[in-house]
Protein chains: 2
Amino acid sequence: MNLPPLIQAFVLHFGEMGSRWGINRTVGQIYALLYVSPVPLNADQIVEALGVSRSNVSMGLRELQAWNLAIPKHVPDDRRDHFTTPGDVWEILRVLAEERKKREVDPTLSVLRELLMMAPASEAERHAQHRMAEMHGLIEQLTTWYDEVKRLETERLAQLLALGSRVARIVEATDKVVSLGRPRKRKE
Amino acid sequence: MNLPPLIQAFVLHFGEMGSRWGINRTVGQIYALLYVSPVPLNADQIVEALGVSRSNVSMGLRELQAWNLAIPKHVPDDRRDHFTTPGDVWEILRVLAEERKKREVDPTLSVLRELLMMAPASEAERHAQHRMAEMHGLIEQLTTWYDEVKRLETERLAQLLALGSRVARIVEATDKVVSLGRPRKRKE
DNA sequence: CTGTATTTTCAGTAATTACTGAAATCATCA
DNA sequence: TGATGATTTCAGTAATTACTGAAAATACAG
């Protein structure tokens, strides 16, 4: 690997982190490299920078493209493919959330739904199904929320984040005046 | 594996999903099994149910305990250790969020902070550092938000979720009346 | 203490996943 | 079209990770 120390440290860290979820080291490193690069890079430049094989880079780029985390960028007068990451960090967050939902949450939801349709054949199964229903309910709440929130523009989203738990107080206050959606029982 | 079909399907799915993030199949299966079990299970019962070796279960349970996802539960008049999962699904969500933050986000934050302290030695490093600062800023916003929100009681959190993006409108409305935090420029 | 039940450790092996180099495919230009 | 440059595929191999069985450690009852 042949990189300025600051960049190398960043790239190595992403390689490590990569393996902590399902992604492999090289993919993590490629992503990190693209992320900090001021210009789109082609595969050979990545090979050069990371010291891995050409084919490994090819596969890594493919995986990153599947995640929408590497974007092919055509450079005029150059036949080789060049790649960047989505530039805006908020955009990256959105892409990540979307992809992970698609891969991790949606399949679970659909399995749960399927299992909840089945007739339990024993007390054990009845109980299990009840637990599955709880899980299903929670995940559905979360995804519904996510689907709504993801439509917000970045600036408004940032505003909400900045408010943090203080929204709760506002909501509580507003609660007394405006009626939003179906009524719900008051806590205190 | 020796389980009622409904439960088996659930357990197998969690095994699969497990490998999609960093967790191994057995650990995923043990978790799923404990989750749907009406009573705490001991290691031998898990061995029996999943058809894996005793030592594998031992290691799996250890990992789950490290994640706070398996809780040892003493059963009177029985020397063997029995395990459950945190019962409330919201509790599980909190535990998961907390642990993943600890393992995935915090280390990245600290690496970023460290790298942001260094003096860039070239234009490339200067640019990289700028990108790192963006990432650092975003992560910090998210974790600050998370730290606040995690303190909310379940019911209030559920209320907020139920509102979804409609909070934005409330905040917008409230914005005009109450002053919260530093002023910020209006979008439209 | 001693004996027994239970859990953990760990070296060896199996299974899985990552990576490489060579060959095949694809694209572009003269 | 053929030659050249670029990318992908894939079989083989390396590296990593998961799993097992046997042995060691631990906990406890008598």
Side-chain angles (χ1 to χ4, degrees), chain A residues 1-2 11-12 14-34 40-67 69-84 103, chain B residues 1-2 11-12 14-34 40-67 69-84 103:
Chain A
M1 185 175 301
N2 180 20
V11 163
L12 289 177
F14 265 71
E16 300 281 312
M17 286 316 280
S19 21
R20 253 186 232 199
W21 21 316
I23 246 166
N24 78 46
R25 192 158 18 96
T26 308
V27 172
Q29 292 183 352
I30 295 176
Y31 176 76
L33 184 65
L34 294 179
L41 300 179
N42 66 44
D44 285 319
Q45 293 173 304
I46 299 172
V47 166
E48 162 78 10
L50 301 183
V52 296
S53 75
R54 182 53 236 267
S55 45
N56 198 4
V57 168
S58 177
M59 284 161 152
L61 282 171
R62 189 117 75 71
E63 182 159 354
L64 284 172
Q65 282 176 275
W67 279 84
L69 286 175
I71 319 265
K73 203 91 184 177
H74 200 72
V75 170
D77 298 330
D78 194 333
R79 274 167 59 183
R80 292 166 299 179
D81 283 343
H82 290 240
F83 295 87
T84 357
R103 287 153 209 252
Chain B
M1 185 175 300
N2 180 20
V11 163
L12 288 177
F14 266 71
E16 299 283 311
M17 287 316 281
S19 18
R20 253 184 232 200
W21 19 315
I23 245 165
N24 77 46
R25 192 158 19 96
T26 308
V27 172
Q29 292 184 351
I30 295 175
Y31 176 77
L33 184 64
L34 294 178
L41 300 179
N42 66 45
D44 285 318
Q45 293 173 304
I46 298 172
V47 167
E48 162 78 10
L50 301 183
V52 296
S53 75
R54 183 52 236 268
S55 45
N56 198 2
V57 168
S58 178
M59 284 163 153
L61 282 171
R62 188 118 75 70
E63 183 161 355
L64 285 171
Q65 282 176 276
W67 278 84
L69 286 175
I71 319 264
K73 203 90 185 178
H74 199 71
V75 169
D77 298 330
D78 194 333
R79 273 166 63 184
R80 290 165 302 179
D81 283 342
H82 290 240
F83 295 87
T84 357
R103 287 154 209 251

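To find a chain, count down the sequence lines: A is the first, B the second, and so on, and within it residues start at 1.
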* To do: Return the value, rounded to whole Å, for the distance between atom CZ of A:R62 and atom C1' of C:dT25.
  => 13 Å
* Measure from CZ on B:R80 to P on C:dT4 and round the result to the nearest Å. => 18 Å
* Structure fact -> All heavy atoms of B:G15 vs all of B:Q29, minimum pair found to be CA-CG, 3.8 Å
* Does A:R62 have any salt bridge (Lys or Arg N to Asp or Glu O under 4.0 Å) partners at least two apart in sequence or in another chain, and if so, which? -> none
* Rounded interatomic separation in angstrom, taking CG from A:D44 and P from D:dA6 -> 7 Å
* Asked: Of all heavy-atom pairs between A:A70 and A:F83, which one has the smallest distance, and what is that distance?
  -> CB-CD2, 4.4 Å
* **Touch class at under 4.0 angstrom, heavy-atom based, for B:N42 against every strand present** => nothing
* Asked: In whole Å, what is the span from the CG atom of B:D77 to the C1' atom of C:dA5?
  -> 15 Å
* Asked: Over how many whole Å does the gap from A:Q65 atom CD to D:dT7 atom P extend?
  -> 11 Å
* **From CA spacing to verdict: side-chain contact (heavy atoms from CB on, under 4.5 Å), A:N24, A:N56** => CA-CA 11 Å; A:N24 78 46; A:N56 198 4; 5.5 Å; no
* Structure fact -> All heavy atoms of A:H82 vs all of A:P40, minimum pair found to be ND1-O, 3.5 Å
* **Non-hydrogen side-chain atoms of A:I30 and A:L64 separated by less than 4.5 Å** => yes
* To do: Take the protein atom CD1 of B:I46 and the nucleotide atom P of C:dT6, then report the distance between them rounded to whole Å.
  => 15 Å
* Asked: What one-letter contact string describes nucleotides 12-30 of chain D from 5' to 3', where B marks a base within less than 4.0 Å of any protein heavy atom, S marks contact via sugar-phosphate atoms alone, and - marks no contact?
  -> ------SSBB-----BS--
* Structure fact -> Here the distance between atom P of C:dC26 and atom CG of A:D81, to the nearest Å, is 15 Å
* **Spacing of A:D78 atom CG relative to D:dG5 atom C1', expressed in whole Å** => 11 Å
